[in-house]
Amino acid sequence: MADQHATVKGMNDILSPEVSKWQFVEEKARSVLEAFSYRELRTPSLEYTPLFVRSVGEATEVVEKQMYTFDDRDGSSVTLRPEGTAPAVRAYVSRSQWNREPVTRWYYLGPMFRHERAQRGRLRQFHQIGAEVFGLNAPSIDAEMIAMLVGMLTEFGLQASDLSVTINTLGEPDERVAYREALRAFFSQHVDALDDDSRRRLDTNPMRILDSKNPDVQTIAAAAPILLDTLGMASRERFEQVRTQLQTLGIDGETDPRLVRGLDYYTATIFEIKAKVGNLGSQNTVCGGGRYDRLVESMGGAAIPALGFGMGVERVLLAMTEEAESFEPALSLFVAPMDERARLWALPVAHRLRMAGIRVEIEHRDTGLKQQLKRADKLKARLALIVGDNELASGKLALKDLAAGKQHEVAAADLEAKIRQLLD
RNA sequence: GUGGCCGUAGCUCAACUGGUAGAGCGCCUGACUGUGGCUCAGGAGGUCGCGGGUUCAACCCCCGUCGGUCACCCCA
């Protein structure tokens with residue numbers, strides 16, 4: 001397949017009927033987000049490289065080896081966005097949004113790019129539905145967002161019982177730094193028992209050792225200090241309030257003290273939702289996010305707290321077990337002209353119906369009625385309009401209800417009304 | 001980035017562990033000339049992912065490459 005028709009590895013065409021499932025998810029997502037008072041934000045796909053290096057973090061996997069970075073023609077380094085928060089923050093800061101609006105809720109929907117080893121649920125061009133809230137730091141907004149996500153996934157047709165919500169808190173940056181040192185000290189005592197990955201993380205990000213899947217490392221990690229225990233009263237109380245309010249909203253989120261995030265900007269509450277159903281492989285995290293209370297300020301803005309999430313559209317689609325075909329829109333009417341003259345007469349009729357919002361297909365090829373009805377059937381048309389010499393002569397059109405097998409004689413003037421009546 | 005498995009018609013797969021490819025579904029056409037879904041009969045469609053090697057001979061063996069997939073890693 002490495003020919004001139006190949007797509008770039010990990011990047012796919014999306015066509016019907018699959019695209020119908022995409023549209024369904026996108027429409028549902030939009031309506032839920034709009035209901036929660038978010039407005040859409042559209043940012044460029046390409047940004048100057050330092051934006052991601054500074055916000056996502058220099059030592060993160062994403063920045064170190066997954067970004068599509070190249071020199072633009074003028075020599076400046078640019079990067080295809082690997083995630084949506086940094087561009088949103090850039091947009092927020094660049095127009096001093098906090099001066100215009102104390103609380104900003106933005107959502108976005110679009111392709112992200114990460115050069116990873118592709119597998120099921122992990123593409124190089126993948127799509128995220130995401131949102132950011134700037135200017136709020138009450139625990140209730142954290143709970144609101146998580147509950148909204150569960151609600152959105154439910155709207156997609158997933159059962160709440162098939163989702164698992166995990167939450168944790170990373171505390172404030174200074175608390176995190178202290179904890180990191182504590183962990184480093186702890187694991188340093190057990191260096192001999194650590195695998196290579198974990199040893200490497202001892203320097204770069206000791207918190208990641210905690211969610212190692214190596215059983216030996218897990219045994220040691222079980223005795224490691226717990227972040228939550230080391231946090232100050234304020235952080236712990238805040239987290240407790242998030243948990244309580246989540247319960248109020250009917251969400252039973254499980255606290256996982258080992259949950260960490262791979263992007264550096266996160267603070268305080270972080271969360272993840274996994275889907276336990278569908279065709280997801282090991283990549284079953286459907287969405288994740290958290291607070292990033294220092295990012296706006298560190299990007300040159302005011303000290304504005306914020307939080308956000310990213311949801312992987314491909315993964316949501318895999319979790320949804322319904323066939324893509326079932327999301328395909330039905331064809332309302334197939335117009336079958338018997339010959340050139342009939343087609344000439346029928347085309348403007350079809351045009352008017354289409355402009356009236358009815359989904360209509362008309363045969364443009366010279367083919368017999370039998371073939372046309374077969375085609376109508378294939379297209380799952382609800383109705384067929386037969387136009388031939390008889391109809392043109394009598395002025396009575398033949399409108400056939402394909403499912404019922406009943407044919408109706410209709411005057412041209414009554415056509416639209418009759419169609420709407422039969423479609424109900 | 002590391003390791004395993006896989007790659008044959010549009011789709012799902014088959015071809016005695018070497019002798020130059022088949023089925024089902026789908027698609028097209030027809031079964032007395034203006035009526036579909038069922039049935040029947042025909043038909044089109046494959047450089048066996050690509051390149052190289054071994055061999056008298058390769059879809060089947062070897063190497064490389066591209067793609068997919070699973071696990072690790074990472075994350076949405």
Side-chain angles (χ1 to χ4, degrees), chain A residues 1-12 15 56 60-66 82-85 109-130 149 153 195-198 200-201 205 208 211-214 259-263 266 270-275 279-290 308-319 334 336-339 342 365 367-392 398-407:
Chain A
M1 283 292 219
D3 56 30
Q4 57 178 331
H5 304 300
T7 54
V8 172
K9 186 186 178 89
M11 305 194 180
N12 304 132
L15 50 147
V56 174
T60 57
E61 191 89 0
V62 170
V63 168
E64 270 183 353
K65 37 193 164 184
Q66 299 180 345
E83 58 101 50
T85 298
L109 193 157
M112 305 293 164
F113 306 84
R114 272 140 65 170
H115 189 102
E116 297 191 81
R117 179 78 173 259
Q119 68 181 68
R120 177 179 295 270
R122 191 170 73 186
L123 284 300
R124 288 184 176 177
Q125 176 175 174
F126 61 104
H127 298 75
Q128 277 192 359
I129 295 165
L149 288 168
L153 291 164
D195 55 22
D196 290 344
D197 267 339
S198 299
R200 185 170 48 77
R201 288 172 180 157
N205 193 349
R208 293 219 69 94
D211 62 358
S212 164
K213 279 164 191 158
N214 182 323
L259 179 64
V260 293
R261 307 257 80 206
L263 311 182
Y266 286 110
I270 55 171
F271 55 87
E272 210 168 86
I273 301 179
K274 289 185 198 292
N279 295 318
L280 289 160
S282 52
Q283 316 296 327
N284 63 347
T285 299
V286 148
C287 85
F309 74 87
M311 180 181 285
V313 177
E314 283 84 352
R315 292 185 185 177
V316 165
L317 259 17
L318 287 169
F334 186 90
M338 305 282 300
D339 53 33
R365 295 171 295 186
T367 167
L369 179 58
K370 191 189 191 101
Q371 298 308 325
Q372 298 200 48
L373 285 175
K374 273 193 175 180
R375 177 117 182 99
D377 205 59
K378 180 76 60 191
L379 294 172
K380 298 193 178 75
R382 303 272 304 280
L383 306 169
L385 182 69
I386 299 165
V387 185
D389 290 343
N390 298 346
E391 288 72 22
L392 294 185
L399 183 61
K400 182 162 189 174
D401 184 326
L402 290 166
K406 261 179 71 179
Q407 201 153 308

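Quick caveat: nothing in here was measured; it's all calculated off a predicted structure. Each chain gets a letter, A, B and so on, in the order the sequences are listed, and its residues count up from 1.
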Protein N or O to nucleotides 2-6 of chain B N or O, pairs below 3.5 Å:
unit_1: U2(B); atom_1: O4; unit_2: Arg117(A); atom_2: NH1; d: 2.8
unit_1: G3(B); atom_1: O6; unit_2: Arg117(A); atom_2: NH2; d: 3.0

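- With sequence neighbours left out, the side chain to side chain contact (heavy atoms under 4.5 Å, CB included) criterion links Val260(A) to Met207(A), Arg208(A), Asp211(A).
- Every residue two or more places apart in sequence or in another chain that forms a side chain to side chain contact (heavy atoms under 4.5 Å, CB included) with Arg120(A) is listed here: Asn279(A), Leu318(A).
- Between C13(B) and G49(B), the distance separating the two P atoms is 15 Å to the nearest Å.
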**Prompt:** Given Watson-Crick or G-U pairs with both distances under 3.5 Å, what dot-bracket string fits RNA chain B, with | for other-strand pairs and [ ] for crossing?
**Reply:** (((((((..((((........)))).(((((.......))))).....(((((.......))))))))))))....
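- No contact: Ile129(A) has no heavy atom under 4.0 Å from any strand.
- Of the candidate nucleotides C70(B), A76(B), C75(B), C75(B) has the atom lying nearest to any side-chain atom of Val62(A).
- Using a 4.0 Å heavy-atom distance criterion, Gly289(A) is classed as making no nucleic acid contact.
- Without hydrogens or angle criteria, Arg122(A) side chain to Arg117(A) main chain gives a donor-acceptor distance under 3.5 Å.
- Taking atom C1' on both nucleotides, U8(B) is separated from G24(B) by 15 Å, rounded to a whole Å.
- The distance from atom CD1 of Ile270(A) to atom C1' of C75(B) is 13 Å, rounded to the nearest whole Å.
- Note that CZ of Phe271(A) and CG of Leu149(A) are 5.5 Å apart. Values are rounded to the nearest 0.5 Å.
- Counting non-hydrogen atoms under 4.0 angstrom, Leu385(A) reaches nothing in the nucleic acid.
- The gap from the P atom of C25(B) to that of U39(B) amounts to 9 Å, rounded to the nearest Å.
- Scored by the side chain to side chain contact (heavy atoms under 4.5 Å, CB included) test, Glu314(A) finds Trp22(A), Leu123(A), Phe126(A), His127(A) as partners (sequence neighbours excluded).
- Residues satisfying the salt bridge (Lys or Arg N to Asp or Glu O under 4.0 Å) criterion with Glu61(A), sequence neighbours excluded, are Lys65(A).
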Could you list all N or O pairs between the protein and nucleotides 35-37 of chain B that sit under 3.5 Å apart?
unit_1: U35(B); atom_1: O2'; unit_2: Lys400(A); atom_2: NZ; d: 3.3
unit_1: U35(B); atom_1: O2; unit_2: Lys400(A); atom_2: NZ; d: 2.9
unit_1: U35(B); atom_1: O2; unit_2: Gln407(A); atom_2: OE1; d: 3.4
unit_1: U35(B); atom_1: N3; unit_2: Gln407(A); atom_2: OE1; d: 2.9
unit_1: U35(B); atom_1: N3; unit_2: Gln407(A); atom_2: NE2; d: 3.3
unit_1: U35(B); atom_1: O4; unit_2: Gln407(A); atom_2: NE2; d: 2.8
unit_1: G36(B); atom_1: N7; unit_2: Lys400(A); atom_2: NZ; d: 3.2
unit_1: G36(B); atom_1: O6; unit_2: Leu402(A); atom_2: O; d: 3.3
unit_1: G36(B); atom_1: N1; unit_2: Leu402(A); atom_2: O; d: 2.3
unit_1: G36(B); atom_1: N2; unit_2: Asp377(A); atom_2: OD1; d: 2.7
unit_1: G36(B); atom_1: N2; unit_2: Leu402(A); atom_2: O; d: 3.0
unit_1: G36(B); atom_1: N3; unit_2: Asp377(A); atom_2: OD1; d: 3.1
unit_1: G37(B); atom_1: O4'; unit_2: Asp377(A); atom_2: OD2; d: 3.0

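- At a cut-off of 3.5 angstrom, the base of G34(B) holds no donor-acceptor pair with the side chain of Asp389(A).
- Each of Asn390(A) and Met311(A) has a nearest nucleotide on RNA chain B; the 5'-most of these lies closest to Asn390(A).
- Straight-line distance between the C1' atoms of C48(B) and G67(B): roughly 16 Å, to the nearest whole Å.
- Here Leu373(A) contributes atom CG and Thr367(A) contributes atom OG1; the two are 10.0 Å apart, rounded to the nearest 0.5 Å.
- In this structure, Met338(A) CE and Glu391(A) CD are separated by 7.5 Å, a value rounded to the nearest 0.5 Å.
- Here the separation of G51(B) from C38(B), taken at their C1' atoms, is 49 Å to the nearest Å.
- Side-chain atoms of Gln371(A) lie closest to G30(B) of the nucleotides C73(B), A76(B), G30(B).
- Every salt bridge (Lys or Arg N to Asp or Glu O under 4.0 Å) that Glu272(A) has, sequence neighbours left out, goes to Arg261(A), Lys274(A).
- When heavy atoms are screened at a 4.0 angstrom cut-off, Glu61(A) is found touching the sugar-phosphate backbone but no base atom.
- Within the structure, a side-chain polar atom (N or O) of Arg120(A) is placed less than 4.0 Å from OP1 or OP2 of C70(B).
- As rounded to whole Å, 10 Å separates atom P of C75(B) from atom CD of Glu272(A).
- Take Glu116(A) and apply the side-chain hydrogen bond (donor to acceptor under 3.5 Å, both in side chains) test, not counting sequence neighbours, and it matches Gln66(A).
- Per the geometry, CE belonging to Met112(A) stands 13 Å off C1' belonging to C75(B), to the nearest Å.
- If you measure from atom CD of Gln372(A) to atom P of U29(B), you get 11 Å, rounded to the nearest angstrom.
- Distance Lys65(A) NZ to C72(B) C1': 12 Å, rounded to the nearest Å.
- Comparing the C1' positions of G30(B) and A44(B) gives an interatomic distance of 14 Å, to the nearest angstrom.
- Listed by chain and number, the residues in a salt bridge (Lys or Arg N to Asp or Glu O under 4.0 Å) with Asp389(A) are Arg341(A) (sequence neighbours excluded).
- Between Arg124(A) atom CZ and A76(B) atom P there is a gap of 18 Å when expressed in whole angstrom units.
- If you take CG of Asn284(A) and C1' of A76(B), they are 11 Å apart, rounded to a whole angstrom.
- Among residues two or more places apart in sequence or in another chain, the salt bridge (Lys or Arg N to Asp or Glu O under 4.0 Å) test is passed with Arg375(A) by none.
- Here Gly10(A) lies in heavy-atom contact (under 4.0 Å) with sugar-phosphate atoms only.
- Between Gln128(A) atom CD and A76(B) atom P there is a gap of 7 Å when expressed in whole angstrom units.
- Within 3.5 Å, no donor on the side chain of Gln283(A) pairs with an acceptor on the base of A71(B), nor the reverse.
- Looking at residues two or more places apart in sequence or on another chain, you find a side chain to side chain contact (heavy atoms under 4.5 Å, CB included) between Ala381(A) and Leu331(A), Phe334(A), Ala376(A), Leu402(A).
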